[in-house]
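Naming: A, B, ... by sequence-line order, numbering from 1 per chain. Just so it is clear, the model here is predicted, and its values are computed rather than measured. These values consider heavy atoms only, across backbone and side chains, with no hydrogens, waters or symmetry-generated copies.
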Amino acid sequence: MARFIDDLRRTHYCGQLRATDIGREVVLFGWVAHRRDFGGCVFIDLRDREGIAQVVFDTDYVAGEVERIPALLLRGEAFQEEAVVAGAHALAEEVRREWVIGVRGVVVHRGEKNKNPKLATGEIEVRVAEAVVFNRAETPPFAIEDDIATDEEVRLRHRYVDLRRGSMQRTLRLRHRLNQATRSFLSEAGAIELETPILCKYTPGGARNFLVPSRLSPGKFYALAESPQLFKQLFMVAGFDKYFQIVKCFRDEDLRLDRQPEFTQIDIEMSFIAQDDIFRLLESLMFRLFQETGIADLPALFPSGRFPQLEFAESMRRFGNDKPDLRFGLELVELTELAILHEGGGLPLAQEIVAKFANGTYRRDVPAEIVKAFVIPASAGFARPQLEAFEQGLREIKGCKGLARAKVAADGSWTQSPLSKHVSDAFRLAINEATGAKENDVICFQFGDPDVVNAALSKLRLDVAKKMGLIPQSGHGGEWRFLWVVNPPMFERTDEGGWVAAHHAFTRPADECVPLLETDPARVNCYRYDLVLNGFEIGGGSIRLHDPEVQERVFRVLGIGAVEAREKFGFLLDALRSGAPPHGGIAIGMDRLAMLATGAPTLREVIPFPKTNQGVDLMSQAPVIVDRAQLDELKVASTVPREG
RNA sequence: GGGGUGGUAGUUAAGUCGGUUAUAACGCCGGCCUGUCACGCCGGAGGCCGCGGGUUCGAGUCCCGUCCACCCCGCCA
């Protein structure tokens with residue numbers, strides 16, 4: 001039987017020791033964080049998941065009164081023997097960073113002069129009588145400290161070492177608390193935690209699926225679930241009434257700082273509820289999560305207990321996207337109607353657009369091209385090179401040709417702008433008034449396709465706010481602007497002039513829009529909602545269509561016939577006809593929520609083993625090429641030429 | 001698929017107009033040290049300058065290609 005672990009069991013975590021433990025004999029296990037060697041006396045900072053304790057190897061030390069570990073007391077073992085202490089000291093001379101060791105010793109006061117206020121355990125230290133080395137670790141590629149400058153690539157390659165750092169430990173333990181609080185809250189709310197398949201049937205449309213070949217059904221494939229969407233609706237049909245799950249989802253799409261190929265959702269579905277019931281439940285859930293993790297006092301920030309709601313159309317108009325960051329103002333200004341009123345106001349780009357409204361090519365209620373502006377305030381104090389850098393940033397947006405700028409002079413005239421020569425005085429003054437632009441403000445214009453105009457200006461709005469310091473480059477900056485974005489359009493135009501569901505075909509159209517299904521699909525909105533926090537979409541959901549009659553009308557708009565509907569959605573349609581209650585739900589991106597809550601700059605910081613932008617795990621090297629024999633067994637052939 | 005930034009010692013970075021043996025800090029190794037806690041002092045080792053090609057008397061530096069990482073667009077209902 002080994003002396004340590006079997007015989008000498010751990011009595012405390014290093015980080016737990018306090019002055020109240022003085023005089024107690026303890027056994028600690030941990031990693032060597034630092035060693036300070038003074039020859040006769042060696043200090044080691046011993047680290048475990050709870051923190052750091054200083055342990056001292058001192059050949060001269062003689063123990064006073066010691067409160068012995070009962071088993072050792074019973075056996076009549078002496079606290080220290082000279083040879084054992086000398087052995088421990090020799091061991092301490094040899095120890096290196098990140099070695100895993102165990103010590104037996106006594107907790108003593110450090111003495112007033114030697115206290116370390118930076119450590120939670122700084123009042124005490126452990127005088128070591130006996131020690132063991134469990135693992136002579138290789139020198140780590142980077143320091144195991146909270147703040148390191150090391151490139152993320154290196155950290156991911158050695159993730160098991162990176163995760164040893166206190167900041168990573170705290171982040172992942174926060175995720176544990178989020179999980180725990182989610183489970184207890186939703187259970188208390190009457191929801192039942194149910195599991196759904198990961199290996200699913202492939203469904204066309206939406207995100208790309210990862211495919212898994214079936215060995216038992218040669219030539220056939222499963223798809224990894226991109227979400228439990230269908231199954232959670234079936235739970236409602238089955239009468240479970242309220243469901244939740246903390247579930248992994250898989251999407252084979254290109255990655256971003258807030259997108260991983262596999263990610264975790266808090267998935268919820270409820271029956272016999274209205275949209276507002278979902279909102280209230282989620283608001284309470286967020287309150288609870290932020291309270292139990294100690295991240296923010298949301299009741300103080302939202303005294304009504306409710307998050308604000310914003311119409312989708314208003315969000316697009318004022319902010320240019322459907323996930324506005326409300327931590328700052330700088331709203332966009334819609335100028336299309338003004339341009340029509342002024343017949344283009346002398347600006348060629350505006351005149352072209354206005355002409356199409358005039359000749360009836362474009363509808364004013366759903367315009368195909370628009371004119372919009374954004375004002376960079378004079379107070380930002382940006383010089384021309386900075387303004388050009390913003391313009392350069394917009395070149396990332398496909399279809400954006402550039403940025404028309406005009407600097408406003410004291411008399412309201414425009415300078416430093418190609419527009420100033422063309423614009424009529426009346427239009428210029430009207431724009432100054434509409435935008436509220438004052439002396440030295442810079443008005444930025446976009447003309448054309450609303451998607452491009454809004455993408456460009458919403459990016460500009462964010463770029464400017466970050467450069468002005470209105471929001472930090474990343475992180476929450478201590479602000480928590482939750483927001484519901486509601487009532488978006490049900491359909492989008494396809495390139496061929498037809499319609500596709502903007503979200504999915506089973507979203508319920510808003511009651512007052514149902515008559516428009518046949519007459520004007522562009523104006524049909526639906527019971528779809530996104531929860532937004534500080535400019536990130538952290539969740540979304542909808543009230544589902546439970547009425548087969550309306551469902552068929554929606555399919556007709558989408559040009560989906562009975563045969564095709566059956567082929568695509570077969571069992572769901574059957575299920576919805578088998579007694580479907582009115583129902584709806586939502587899914588919250590747990591990783592994004594954790595990222596925002598911790599102020600982490602990327603999703604990778606809150607995922608233990610994340611993938612790179614190319615979907616590669618730098619530690620395991622997944623994905624990898626497999627043997628020909630493995631492919632043969634699956635009856636799968638690769639079209640990629642094999643190396644060698 | 002497209003645009004951008006980067007890649008030099010274990011780590012983070014410097015490296016001028018193309019020119020001698022590629023620097024520094026931290027880390028690492030050896031030695032000394034009984035009150036340190038970013039210990040200190042003395043000494044030392046450590047390089048496929050991402051990879052491949054080209055220009056040149058000469059390339060970390062210039063050119064072409066390529067790989068990897070990151071940010072963004074498309075994409076992600």
Visitor: Could you state the atom-to-atom distance from CD of A:Glu537 to P of B:C76 in whole Å?
Guide: 13 Å

Visitor: Surrounding CD of A:Gln621 (heavy atoms of other residues, nucleotides or ligands, distance under 6.0 Å), is the total greater than 12?
Guide: yes

Visitor: Can you tell me the base-pairing partner of B:G52? Count Watson-Crick or G-U wobble geometry only, both distances below 3.5 Å, and say none if there is no partner.
Guide: B:C64

Visitor: Considering every strand and a 4.0 Å limit on heavy-atom distances, what is the contact class for A:Arg604: base, sugar-phosphate, or nothing?
Guide: sugar-phosphate

Visitor: Which is true for A:Arg97 with a 4.0 Å heavy-atom rule: it touches a base, it touches only sugar-phosphate, or it touches nothing?
Guide: sugar-phosphate

Visitor: Sub-3.5 Å donor-acceptor pair from the side chain of A:Arg259 to the main-chain atoms of A:Asp254, do we have one?
Guide: yes

Visitor: Using the closest heavy atom to pick a nucleotide of RNA chain B for each, name whichever of A:His34 or A:Gly40 lands nearer the 5' end.
Guide: A:Gly40

Visitor: Strictly below 4.0 Å: does A:Thr612 bring a side-chain N or O up to OP1 or OP2 of B:A69?
Guide: yes

Visitor: Using a heavy-atom cut-off of under 4.0 Å over every strand shown, decide if A:Thr59 touches base, sugar-phosphate, or nothing.
Guide: base

Visitor: Please determine whether a side-chain nitrogen or oxygen atom of A:Asn613 lies at a distance below 4.0 Å from atom OP1 or OP2 of B:A69.
Guide: no

Visitor: Give the rounded distance in Å between these two atoms: CD of A:Glu391 and P of B:C72.
Guide: 21 Å

Visitor: Less than 4.0 Å between a side-chain N and a carboxylate O, is that true for A:Asp252 and A:Arg208?
Guide: no

Visitor: Without swapping roles, check the side chain of A:Arg96 against the backbone of A:Glu94 for a donor-acceptor pair under 3.5 Å.
Guide: yes

Visitor: Using a heavy-atom cut-off of under 4.0 Å over every strand shown, decide if A:Phe38 touches base, sugar-phosphate, or nothing.
Guide: base

Visitor: A:Glu145 near the nucleic acid: base, sugar-phosphate alone, or nothing, with a heavy-atom cut-off under 4.0 Å?
Guide: nothing

Visitor: When the distance from CZ of A:Arg251 to P of B:C75 is rounded to whole Å, what number comes out?
Guide: 15 Å

Visitor: Nearest of B:C72, B:A77, B:C37 to any side-chain atom of A:Gln54?
Guide: B:C37

Visitor: Give the rounded distance in Å between these two atoms: CZ of A:Arg208 and P of B:G74.
Guide: 14 Å

Visitor: A:Leu255 CG to B:C76 P: how many Å, rounded?
Guide: 14 Å

Visitor: Give me the distance, rounded to whole Å, that separates B:G31 from B:A25 when you measure between the P atoms they each carry.
Guide: 23 Å

Visitor: Return the nearest nucleotide to the side chain of A:Cys41; candidates are B:C37, B:U34, B:A77.
Guide: B:U34

Visitor: Looking at the base of B:C75, is there any donor atom on it, or on the side chain of A:Arg259, that sits under 3.5 Å from an acceptor on the other one?
Guide: yes

Visitor: For the side chain of A:Asn114, starting at C-beta, report the closest nucleotide among B:C33, B:U36, B:C71.
Guide: B:U36

Visitor: A:Asp45 side chain: which of B:C28, B:C37, B:A77 is closest?
Guide: B:C37

Visitor: Within the stacking criterion (centroid distance below 5.5 Å, interplanar angle below 30°), does A:Phe43 stack on B:U36?
Guide: yes

Visitor: With no angle test and no hydrogens, is the base of B:A77 tied to the side chain of A:Glu226 by a donor-acceptor pair under 3.5 Å?
Guide: no

Visitor: Take atom CH2 of A:Trp31 as the centre, draw a 6.0 Å sphere, and report whether it contains more than 12 heavy atoms from other residues, nucleotides or ligands.
Guide: no

Visitor: Determine, stepwise, if the pair A:Gln275 / A:Arg508 fulfils side-chain hydrogen bond (donor to acceptor under 3.5 Å, both in side chains).
Guide: CA-CA 11 Å; A:Gln275 179 168 295; A:Arg508 186 173 145 200; over 6 Å; no

Visitor: Please check if the side chain of A:Tyr529 supplies one atom and the backbone of A:Ser542 the other of a donor-acceptor pair under 3.5 Å.
Guide: yes

Visitor: For a quick check of understanding: with a heavy-atom distance under 4.0 Å over all strands, which category does A:Leu257 fall into, base, sugar-phosphate or nothing?
Guide: sugar-phosphate

Visitor: Quick one: which of B:U34, B:C28, B:G74 gets closest to the side chain of A:Asp60?
Guide: B:U34

Visitor: Kindly indicate whether the side chain of A:Asp151 and the base of B:G7 share any N or O donor-acceptor pair separated by less than 3.5 Å?
Guide: no

Visitor: Roughly how many Å is it from NZ in A:Lys113 to C1' in B:U34, rounded to a whole number?
Guide: 12 Å

Visitor: How many whole angstroms separate atom CD of A:Glu152 from atom C1' of B:C68?
Guide: 14 Å

Visitor: Roughly how many Å apart are B:G60 and B:G18, using the C1' atom of each and rounding to a whole number?
Guide: 11 Å

Visitor: As a test of reading the structure: which of B:U11, B:A69, B:C39 is closest to the side chain of A:Arg36, going by heavy atoms?
Guide: B:C39

Visitor: Partner of B:C70 by Watson-Crick or G-U wobble geometry, both contacts under 3.5 Å, or none?
Guide: B:G4

Visitor: I'd like the C1' distance from B:U11 over to B:C17, given in whole Å.
Guide: 31 Å

Visitor: Please give the nucleotide sitting opposite B:A59 as a Watson-Crick or G-U wobble pair, both distances under 3.5 Å, or none.
Guide: none

Visitor: Searching all strands shown, indicate the nucleotide that pairs with B:G27 (Watson-Crick or G-U wobble; both distances under 3.5 Å).
Guide: none

Visitor: When you compare B:G27 with B:U12, how far apart are their C1' atoms, in angstrom units rounded to a whole number?
Guide: 11 Å

Visitor: Under 4.0 Å between any heavy atoms, over every strand shown, what does A:Glu125 touch: base, sugar-phosphate, or nothing? Just pick one.
Guide: base

Visitor: Going by modelled atom types, is there a donor-acceptor pair between the base of B:C37 and the side chain of A:Arg110 at under 3.5 Å?
Guide: yes

Visitor: For B:U66 and B:G4, measure between their P atoms and round to the nearest Å.
Guide: 14 Å

Visitor: Could you give the CG-to-P distance, from A:Asp147 to B:A38, as a whole number of Å?
Guide: 14 Å

Visitor: If you find the nucleotide of RNA chain B closest to A:Gly615 and the one closest to A:Lys459, which residue's nucleotide is nearer the 5' end?
Guide: A:Gly615

Visitor: Within a reach of under 6.0 Å around CZ of A:Phe210, are more than 12 heavy atoms found that belong to other residues, nucleotides or ligands?
Guide: yes

Visitor: Regarding A:Gly39, tell me which of base, sugar-phosphate or nothing describes its non-hydrogen contacts under 4.0 Å with the strands shown.
Guide: base

Visitor: Side chain of A:Val154 only, please: which of B:C70, B:U12, B:A77 is the nearest?
Guide: B:U12

Visitor: Just N and O in the side chain of A:Arg96: are any of them under 4.0 Å from OP1 or OP2 of B:G30?
Guide: yes

Visitor: Taking atom C1' in both B:C64 and B:G1, compute the distance separating them and give it to the nearest angstrom.
Guide: 22 Å

Visitor: Would you say CD of A:Glu138 has more than 12 non-hydrogen atoms from neighbouring residues, nucleotides or ligands within 6.0 angstrom?
Guide: no

Visitor: Given the C1' atoms of B:A59 and B:C49, what is the spacing between them in whole Å?
Guide: 11 Å

Visitor: Quick check: does any side chain N or O of A:Arg159 sit under 3.5 Å from a backbone N or O of A:Pro608, one acting as donor and the other as acceptor?
Guide: yes

Visitor: For the P atoms, the ones on B:U8 and on B:A69, what distance do you get once it is rounded to whole angstrom?
Guide: 15 Å

Visitor: So which nucleotide from B:G10, B:A69, B:G74 ends up closest to the side chain of A:Pro141?
Guide: B:G10

Visitor: When you get a sec, tell me which of B:A38, B:C72, B:A77 is the closest nucleotide to the side chain of A:Lys118?
Guide: B:A38

Visitor: Among B:G74, B:C72, B:U11, find the nucleotide with the atom closest to the side chain of A:Thr150.
Guide: B:U11

